[in-house]
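Chain A is the first sequence line, chain B the second, and so forth, proteins listed ahead of strands; every chain is numbered from 1. From a predicted model like this one, the values you see are computed outputs, not experimental measurements.
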There are 2 protein chains.
Amino acid sequence: METTRGAERQRTAAERRRRELLEAADRVVLRDGPQASMNAIAAEAGITKPILYRHFGDKGGLYRALAKRHTDALLSALRAALDAPSERRERVEATLDTYLAAIEARPQVYRFLMHPSDDAAPSPEQGFDVGRHSAPLLRRLGEELGKVIVERVDLGPESEQMARIWGHGIVGMMHAAGDWWLGDRPCSREQLVRSLADLLWGRLAEAGDLPGGQGF
Amino acid sequence: METTRGAERQRTAAERRRRELLEAADRVVLRDGPQASMNAIAAEAGITKPILYRHFGDKGGLYRALAKRHTDALLSALRAALDAPSERRERVEATLDTYLAAIEARPQVYRFLMHPSDDAAPSPEQGFDVGRHSAPLLRRLGEELGKVIVERVDLGPESEQMARIWGHGIVGMMHAAGDWWLGDRPCSREQLVRSLADLLWGRLAEAGDLPGGQGF
DNA sequence: ATATCCCCGTTACTAGCGGTAACAACAGTC
DNA sequence: GACTGTTGTTACCGCTAGTAACGGGGATAT
């Protein structure tokens, strides 16, 4: 009765295959961007389409699996920066810098993560399904940051609601500024990090109005 | 020689037609979301595809024309809120609220503006063309806000750079928080607005650490 | 009046996409 | 040796964006 051992071996073989396919998909996405076709990915992996579909269900499945790898990697790097033993402002700057360094190092990956090209659920459900459409990575980062805030910062009553709002807000700030910065590169990474941290540290409230017309 | 008058009339007729087509496209996008097909739009307008292509070049052209209308409308509403004669904090809150009210009122439009479904330039240029991929609306809002900040807020030296960074950062914060909020609706709009304004007003810097573990 | 030109509109097509059905070949199990 | 499950194939479906190629009608020029 070799059933269990055989099944085991088969399972691990399937998992290894799955990893190979993911790596091939990775290469293609890195080369062709998020609109890489299933045909191209299959060709890169040296096989044909139906195998991909057997492993991942549909294109959304493959992309979700692919995104999870990168998201997990980025998330753990951010967690490390967020857990460093230093002052709050320093940690915030380190986290911003970690994120920006990551997207700077591999812009194609970043682009794929943020723009899965209308992945997953085609969801023929009409009506207002406006949730989930922005990249899942942003949502996840926002939720995680919200958790960190609620458990470390004293925000008084209603702190949980506000912490989640702040989590998503700060992540969005980081993302939008990073996206813009990555396009034109108008300044150094350090300056960007410092400016964003300044914004979070209330410099907008402290700054005086400029003469001529009402202030901001 | 009726040449000029004839050409004139013809031009205005073409422009009226174009507006009609855009309105039909608007209805379809509002109903089907950003993945509305050219066939569906043509059918809604009561004509066939090639006419659309003659008017707008390609799908990206149509979507850009469509997006410009909504973007302009939203932008002018935001400008009005930003120019109100009151205190800075109040103006910031009013602007946030205007944006959130807009996306709340017509989520499908909002979704279309943010996710043009890989529009426009297929740009076969490989390499790092990571600019421009996030919705043009966000970029435009960020730039506009940056301009407003640089001309109204006293940020000392390097103020222009910092103002642009802040513009994109604040817009991104607003967008991400709004997107998340629109999905789960975890709180009222007022509360969201107040929390985001609090964040911009430096409450993160002022808040104390919570006991148990390092602070944020 | 006739011929010219230009624009609106059509039908019919291409190439490529995501996804699937049907079938072939090989493994290990009974 | 028969059976079963996995791995792989080819050939197809329905859809999409986009494009000829052609027909008809109204204004213009002679």
Task: Salt-bridge contact R111(B)-D179(B) (side-chain N to carboxylate O under 4.0 Å) - done: no
Using distance only, find each side-chain donor-acceptor pair of residues 71-79 of chain B under 3.5 Å and give its atom names and separation, not counting sequence neighbours.
from: T71(B); atom 1: OG1; to: A67(B); atom 2: O; distance (Å): 2.8
from: D72(B); atom 1: OD1; to: R140(B); atom 2: NH1; distance (Å): 3.2
from: D72(B); atom 1: OD1; to: R140(B); atom 2: NH2; distance (Å): 2.6
from: D72(B); atom 1: OD2; to: K68(B); atom 2: NZ; distance (Å): 2.8
from: S76(B); atom 1: OG; to: A73(B); atom 2: O; distance (Å): 3.0
from: R79(B); atom 1: NH1; to: E144(B); atom 2: OE1; distance (Å): 3.2
from: R79(B); atom 1: NH2; to: E144(B); atom 2: OE1; distance (Å): 3.2

Open item on the list: From CG of L62(A) over to C1' of dG18(C), roughly how many Å is that when rounded to an integer?
Closed with: 12 Å
TODO: Check the distance between dA17(D)'s P and H55(B)'s NE2 and give it to me in whole angstrom.
DONE: 18 Å
Open item on the list: What is the separation between atom CE on M38(B) and atom P on dG9(C), rounded to the nearest whole Å?
Closed with: 15 Å
Task: Nucleotide dC8(C), atom P - distance to CZ of R17(B) in whole Å - done: 9 Å
Task: Contact nearer the 5' end of DNA chain D, comparing A36(B) with I47(A) - done: I47(A)
TODO: Go through the structure and list residues passing side-chain hydrogen bond (donor to acceptor under 3.5 Å, both in side chains) with R18(A), not counting sequence neighbours.
DONE: none
TODO: Using the test side-chain hydrogen bond (donor to acceptor under 3.5 Å, both in side chains), find all partners of R185(A) that sit at least two apart in sequence or belong to another chain.
DONE: E104(A)
Open item on the list: Rounding to an integer number of Å, can you tell me how far I51(A) CD1 sits from dG5(D) P?
Closed with: 19 Å
TODO: Starting from P on dC17(C), measure out to CG on L52(A) and report it in whole angstrom.
DONE: 14 Å
TODO: Using a cut-off of strictly less than 4.0 Å, decide whether T48(A) has a side-chain nitrogen or oxygen near OP1 or OP2 of dG8(D).
DONE: no
- [ ] Answer yes or no: does a side-chain N or O of R18(A) lie under 4.0 Å from OP1 or OP2 of dT7(D)?
- [x] no
Task: Interatomic distance, I41(B) CD1 vs dA17(D) C1' [rounded to whole Å] - done: 12 Å
- [ ] Kindly write out the residues that satisfy side-chain hydrogen bond (donor to acceptor under 3.5 Å, both in side chains) with W166(A), not counting sequence neighbours, or none if the list is empty.
- [x] none
Task: Nearest listed nucleotide, side chain of S37(B), among dG8(D), dG9(C), dT16(D) - done: dT16(D)
- [ ] Calculate the interatomic distance between N39(B) atom CG and dT10(C) atom P; express it in whole Å.
- [x] 12 Å
For nucleotides 19-21 of chain D, print each protein N/O atom paired with a nucleotide N/O atom at under 3.5 Å, atom names and distance only.
none

N/O donor-acceptor pairs under 3.5 Å from side chains in residues 36-45 of chain B, not counting sequence neighbours:
from: S37(B); atom 1: OG; to: N39(B); atom 2: N; distance (Å): 3.4
from: S37(B); atom 1: OG; to: A40(B); atom 2: N; distance (Å): 3.0
from: E44(B); atom 1: OE1; to: R31(B); atom 2: NH2; distance (Å): 3.1
from: E44(B); atom 1: OE2; to: R27(B); atom 2: NE; distance (Å): 2.7
from: E44(B); atom 1: OE2; to: R27(B); atom 2: NH2; distance (Å): 3.2

Task: Minimum-distance nucleotide (side-chain atoms of K59(A) versus dG8(D), dG19(C), dG9(C)) - done: dG19(C)
